[in-house]
Amino acid sequence: MVSSKRFFLTLVFVILVATNAFLRDVDAAGECGKTPIPSVAVTLSPCLAATGNARAKVAPACCARVGALLKSMPKCLCAILLSPTAKQAGMQIGVAIAIPKRCNIKNRFAGKKCGRYTIP
């Protein structure tokens, strides 16, 4: 009888710990704060033409949004560029990562790096 009581208490404890860890993950802020990456990616829609062609002119609205994002959440931009959402939208990472430079944004990623990704 004691072993079944101990088993039940252990099971309840494991469930409580697992539930607490799950809830903590749900509330946790990621690279883009509490906003999901796809939602932030949509705000960069003026940049779409410039992410597919390195010679395309970058729209002023794109430069403004990228600059604001780099000031507030620099890791968020890399998270967007490296996300499945960006790939589905047809962005070319090597071209997209150069947008801050093409916009002459002063505080941008070092060189050609975005997280672990380096432009070939």
Side-chain angles (χ1 to χ4, degrees):
M1 185 73 168
V2 174
S3 64
S4 64
K5 186 176 181 180
R6 179 178 283 170
F7 173 77
F8 177 76
L9 290 174
T10 305
L11 181 63
V12 169
F13 177 76
V14 168
I15 291 171
L16 288 174
V17 169
T19 304
N20 186 30
F22 174 76
L23 292 176
R24 188 173 296 140
D25 284 345
V26 170
D27 285 340
E31 290 88 352
C32 297
K34 290 189 177 185
T35 307
I37 290 172
S39 297
V40 181
V42 169
T43 66
L44 297 177
S45 61
C47 301
L48 200 53
T51 63
N53 182 353
R55 298 180 196 269
K57 184 179 180 203
V58 182
C62 172
C63 291
R65 291 184 183 170
V66 168
L69 194 57
L70 281 173
K71 282 183 184 177
S72 61
M73 296 181 283
K75 290 182 180 180
C76 182
L77 184 60
C78 282
I80 291 169
L81 296 178
L82 299 173
S83 73
T85 303
K87 290 176 187 169
Q88 290 171 352
M91 290 184 180
Q92 294 179 19
I93 180 69
V95 175
I97 202 169
I99 287 178
K101 183 177 181 179
R102 291 164 59 197
C103 290
N104 293 320
I105 296 171
K106 301 294 181 220
N107 296 326
R108 58 182 185 258
F109 331 111
K112 298 179 177 182
K113 293 189 105 174
C114 190
R116 293 183 193 153
Y117 183 85
T118 303
I119 297 175

Without placing hydrogens or testing angles, list every side-chain donor-acceptor pair under 3.5 Å for residues 40-51, not counting sequence neighbours.
residue : atom : partner : partner atom : Å
Thr43   : OG1  : Val40   : O            : 2.5
Ser45   : OG   : Val42   : O            : 3.4
Thr51   : OG1  : Leu48   : O            : 2.7

- request: Not counting sequence neighbours, which residues clear side chain to side chain contact (heavy atoms under 4.5 Å, CB included) with Ala56? List them please.
  value: Asn53, Arg102

I'd like a table of donor-acceptor pairs (distance under 3.5 Å, sequence neighbours excluded) in which one partner is a side-chain atom from residues 67-95, with atom names and distances.
residue : atom : partner : partner atom : Å
Ser72   : OG   : Ala68   : O            : 3.0
Ser83   : OG   : Ile80   : O            : 2.7
Ser83   : OG   : Thr85   : N            : 3.4
Ser83   : OG   : Ala86   : N            : 3.3
Gln92   : NE2  : Gly52   : O            : 3.4

message: Can you give me the closest heavy-atom contact between Cys63 and Ile105, atom names plus distance?
response: O-CD1, 3.9 Å

